[in-house]
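Notes follow once the structure below has been shown.
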Amino acid sequence: MLPTSLLTAHHHRQPAGSQSAEAYARLKAMIVNLELPPASPVDENRLMAELGLGRTPIREALQRLALEALVVIYPRRGTLVADLNPNDLQKIFELRLELEPYAAGLAAERASAEQVAAMEALFAGAEAVLQSGDHRQLIQIDHQAHALLAQAAHNEFLEAALDRLYSHVLRLWHVSLHKVSRLRAAIEEHREIIAAVQARDRARAAQIMRIHVAGFQSEFLSAASRRER
């Protein structure tokens, strides 16, 4: 009998290596990196030519991205990249303030030694990146740090939910990171979270993660509001 658990269904949503999976990954990256800017129209013909993929995988990818609220599909009218709305972002941060500390706490209980080592290695060169002012690399470090913590929680459903939420935050990173002043504090917070995970201190890991998310929430939403004026 074939397995039919929720986890099996989660892993088999889209076959790895399929054209639809490739289209999804590439379109999501284009949206997150602002190659497809907020509120811009999605030109399927241009994407087909640019990505070398057919219309069906492109449309299947767009349907999946619509479920993640990264695009908005208007039947018979076209598709738009979802805008960055401060009210929507506020709701996303409300969820992150609950889920990210929870994931950090689970990671403190469940992370393997290899996962802790990977987190520590990620921040080994963070000071040099801060000094260089390379915003894109800082974005990548933060993204990988949150992804590693989510993986270390060893709950695939929580990891998937956090990945969907963080996709929206990544777009805001690309728009507003140069306006954020607390980058050094954020790096130190990540190091404190890693130390708490290594010490198996669930309460401390969750506490610092809440401070971390709340700090960026305040600065990013302020930056987003200024952008709309």
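Atoms considered below: every heavy atom in the structure, side chains included; atoms not considered: hydrogens, waters and symmetry mates.
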Should the pair His143 and Tyr166 be assigned to parallel (<30°), tilted (30 to 60°) or perpendicular (>60°) ring geometry?
-> parallel
Only one of Leu47, Val71, Val32 clears side chain to side chain contact (heavy atoms under 4.5 Å, CB included) with Leu27; which?
-> Leu47
Between Ser40 and Pro37, is there a donor-acceptor pair closer than 3.5 Å when you use the side chain of the first and the backbone of the second?
-> yes
Evaluate side chain to side chain contact (heavy atoms under 4.5 Å, CB included) for Glu192 paired with Arg204, printing each intermediate quantity in order.
-> CA-CA 9 Å; Glu192 289 183 51; Arg204 178 66 174 165; 2.8 Å; yes
Which atoms form the tightest heavy-atom contact between Ala104 and Val197, and what is the distance?
-> O-CG2, 4.2 Å
What residues form a salt bridge (charged side-chain N to carboxylate O under 4.0 Å, His left out) with Glu35, not counting sequence neighbours?
-> none
Is Ile92 linked to Leu162 within one hydrophobic cluster, defined over Ile, Leu, Val, Met, Phe, Trp and Tyr using a side-chain heavy-atom separation of less than 4.5 Å?
-> yes
Give a yes or no answer on whether the side chain of Asp142 reaches the backbone of Leu138 with a donor-acceptor pair at less than 3.5 Å.
-> no
Can you tell if the side chain of Asp134 reaches within under 4.5 Å of the side chain of Arg136, non-hydrogen atoms only?
-> yes
Do Leu67 and Gln63 have side chains that get closer than 4.5 Å, going by heavy atoms?
-> no
Are any non-hydrogen side-chain atoms of Arg184 and Glu127 less than 4.5 angstrom apart?
-> yes
In Å, rounded to the nearest 0.5 Å, how long is the span from CG of Leu53 to CZ of Arg59?
-> 14.0 Å
What is the minimum heavy-atom distance between Ala196 and Ala205, and which atoms define it?
-> CB-N, 3.5 Å
How close do Leu62 and Ile73 get, heavy atom to heavy atom, and via which atoms?
-> O-CD1, 3.8 Å
Any side-chain heavy atom of Glu22 sitting closer than 4.5 Å to one from Pro57?
-> no
According to the side-chain hydrogen bond (donor to acceptor under 3.5 Å, both in side chains) rule, which pairs have a member within residues 48-57, sequence neighbours left out?
-> Glu44-Arg55, Asn45-Arg55, Arg46-Glu50
Residues in side chain to side chain donor-acceptor pair (under 3.5 Å) with Thr79, at least two apart?
-> none
Quick note, salt bridge (Lys or Arg N to Asp or Glu O under 4.0 Å) partners involving residues 96-109, not counting sequence neighbours, are Arg96-Glu100, Glu98-Arg210, Glu109-Arg202
For the residue pair Ala145 and Leu122, what are the closest heavy atoms and their distance?
-> N-CD2, 3.3 Å
Arg64 side, atom CZ; Ser20 side, atom OG - distance, nearest 0.5 Å = 9.5 Å
For the student: nearest non-hydrogen atoms of Ala82 and Ala69, plus distance | CB-O, 3.3 Å
Between the CD1 atom in Ile194 and the CD atom in Glu120, the distance rounded to the nearest 0.5 Å is 6.5 Å
Tell me, with the steps shown, if Phe93 and Leu95 meet side chain to side chain contact (heavy atoms under 4.5 Å, CB included).
-> CA-CA 5 Å; Phe93 273 112; Leu95 279 174; over 6 Å; no
Which atom of Leu158 lies closest to which atom of Asn155, heavy atoms considered = N-OD1, 3.0 Å
Step by step, would you call Arg171 with Asp83 a salt bridge (Lys or Arg N to Asp or Glu O under 4.0 Å)?
-> CA-CA 10 Å; Arg171 294 204 297 156; Asp83 202 2; over 6 Å; no
Any side-chain donor-acceptor pair under 3.5 Å between His212 and Glu188?
-> no
Please round to the nearest 0.5 Å and tell me the distance separating atom CD of Gln151 and atom CG of Asp163.
-> 9.5 Å
Is Gln217 close to Leu89 at the side-chain level, that is, under 4.5 Å between some pair of heavy atoms?
-> no
With sequence neighbours excluded, residues passing salt bridge (charged side-chain N to carboxylate O under 4.0 Å, His left out) with Glu94 | none
Value for CG (Leu165) from NZ (Lys91), rounded to nearest 0.5 Å, stands at 13.5 Å
Is NZ or CZ of Arg191 both nearer than 6.0 Å to the six-membered ring centre of Phe123 and within 45° of the ring axis?
-> no
Side chains of Val42 and Leu80: does their closest heavy-atom pair fall under 4.5 Å?
-> no
In the single-linkage hydrophobic clustering (I, L, V, M, F, W, Y; side-chain heavy atoms under 4.5 Å), do Ile211 and Leu149 co-cluster?
-> yes
Report the residues that fulfil salt bridge (charged side-chain N to carboxylate O under 4.0 Å, His left out) with Arg77, sequence neighbours left out, ordered by chain and then residue number.
-> none
Do the side chain of Arg200 and the main chain of Ala111 share a donor and acceptor less than 3.5 angstrom apart?
-> yes
Check the side chains of His168 and Asp88 for a donor-acceptor pair under 3.5 angstrom, ignoring hydrogens and angles.
-> no
Got His190 and His146 here, is their nearest side-chain heavy-atom distance under 4.5 Å?
-> yes
Checking side chain to side chain donor-acceptor pair (under 3.5 Å) against His154, which of Glu159, Arg110, Gln115 comes through?
-> Gln115
Side chains of Val81 and Leu70 in contact at under 4.5 Å (non-hydrogen atoms) | no
Decide whether Glu68 and Tyr24 meet the rule of one side-chain donor and one side-chain acceptor closer than 3.5 Å.
-> yes
Can you tell me how far CG of Asn33 sits from CD1 of Ile139, rounded to the nearest 0.5 angstrom?
-> 8.0 Å
